[in-house]
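Residue numbering restarts at 1 for every chain, and letters A, B, ... go by the order of the sequence lines.
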Protein chains: 2
Amino acid sequence: MMSIGTLSKQSGVHIETIRYYERAGVLPKARRAPNGRRVYDHEDTGRLAFIRHARELGFELVSVRALLALQERPELSCKAASELASAQLAAVESRLSRLTVLRAELKRMVRACKNGRVVDCRVIDALTNMR
Amino acid sequence: MMSIGTLSKQSGVHIETIRYYERAGVLPKARRAPNGRRVYDHEDTGRLAFIRHARELGFELVSVRALLALQERPELSCKAASELASAQLAAVESRLSRLTVLRAELKRMVRACKNGRVVDCRVIDALTNMR
DNA sequence: TATACATTCTGTAGTAGCTACAGGAACAAG
DNA sequence: CTTGTTCCTGTAGCTACTACAGAATGTATA
């Protein structure tokens, strides 16, 4: 039993974003108080946390919607969820390896550029010639 | 000496995106042939590769613009580039650690969900309860 | 040369996923 | 009862593209 403002503070998600999620169908239509204001409960906190983590980690809203839909029907086969996860896993691994390369370059750059000039920086070369 | 179409095929960047980069000021205004069409050379291929890699790795266009500007003035101090890189490095490390956690969860999920039901999947819990 | 098809041009509008208002209604505190 | 906060809907803006429309060229073939 809480207002959208409280849910927002609790979750760190902007009020506008919460309303947007409802509009986009990733959060269910909120129950309304007699005065028309949205009312939330603990379950919504969880759902919102789920959405945020999934988003931060690269799931698109359509995938989030799909995962949440699966969650509501636990008697179904896991095949769909598993496929979603496999696709996501491949994307995650690709990102990880590219980010690892970039991290090394950035570290080297920060070290090398302490007092140097741009001409000594390798980060631009590194980004141009990555394969 | 090549057309926008050739540059597009060579770089794998859509023609519209190349024009957008020009409009957005990350690519310089292209030289024009007498008939008004854009003409590119080898240098543009490099610049485009640079932009794509930087974008894929999470640099925003404003950062890309800043890095490219630095590249044009190699006599300047590297301080600005170094600061850009440090900020980027922090973001990269945060992403790396969260992606590593997610990868483990996704792997576990794919393994566990082979023939199970959704009720046996932990990925939803995992995403809800990450801290 | 005529016709057909491809390429490019500008400009505008659409996309995802938010974020930021404006204008109005309702509520809570002093 | 006034002031300030919260909430409502609706619309517009943002980034980084992507996809048209309609017109003007360019190239290839009959």
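Considering all non-hydrogen atoms of both residues, B:Val26 and B:Ile51 come closest at O-CD1, 3.9 Å. Of all the heavy atoms in A:Ala54 and A:Val64, the pair that sits closest is CB-CG2, 3.9 Å.
A residue-by-residue look at B:Arg55 and A:Lys9 shows that A:Lys9 has its nearest nucleotide of DNA chain D further toward the 5' end. Each of A:Arg37 and A:Tyr20 has a nearest nucleotide on DNA chain C; the 5'-most of these lies closest to A:Tyr20. Two residues, B:Gly36 and A:Arg19, neighbour DNA chain C, and the one matched to the more 5' nucleotide by heavy-atom proximity is B:Gly36. Closest-nucleotide positions on DNA chain D for A:Ile4 and B:Glu60 were compared, and the one nearer the 5' end corresponds to A:Ile4.
As a whole-Å value, the separation of A:Glu22 CD from C:dG17 C1' is 16 Å. For the pair B:Leu7 CG and C:dT7 P, the interatomic distance rounds to 15 Å; values are reported in whole Å. To the nearest angstrom, P of C:dC21 lies 9 Å from CD of A:Glu16. Rounded to whole angstrom, the span from the NE2 atom of B:His14 across to the P atom of C:dC9 amounts to 16 Å. Atoms CG (B:Leu61) and P (D:dT18) sit 12 Å apart, rounded to a whole Å. Between the OH atom of B:Tyr40 and the P atom of C:dT7 there is a distance of 16 Å, given to the nearest Å. When the C1' atom of C:dG17 is taken as reference, atom CG of A:Leu27 falls 14 Å away, rounded to whole Å. Between A:Ile18 atom CD1 and D:dC8 atom C1' the separation is 14 Å, expressed in whole Å.
Between A:Asn35 and C:dC27, a side-chain N or O to OP1/OP2 separation shorter than 4.0 Å is present. Residue A:Thr17 has no polar side-chain atom (N or O) positioned under 4.0 Å from OP1 or OP2 of C:dC18. OP1 or OP2 of D:dC17 sits under 4.0 Å from a side-chain N or O of B:Arg52. Note on B:Arg32: a side-chain N or O is less than 4.0 Å away from OP1 or OP2 of C:dT10. Phosphate proximity of D:dT6 to A:Ser3: absent, as no side-chain N or O sits under 4.0 Å from OP1 or OP2.
A donor and an acceptor atom never sit less than 3.5 Å apart when one is taken from the side chain of B:Arg38 and the other from the base of C:dT8.
A 4.5 Å side-chain heavy-atom check between A:Lys107 and B:Glu93 finds at least one atom pair inside the cut-off. For the pair B:Leu48 and B:Tyr21, the minimum side-chain heavy-atom distance is below 4.5 Å.
Between the A:Thr100 side chain and the A:Leu96 main chain, a donor and an acceptor come within less than 3.5 Å of each other.
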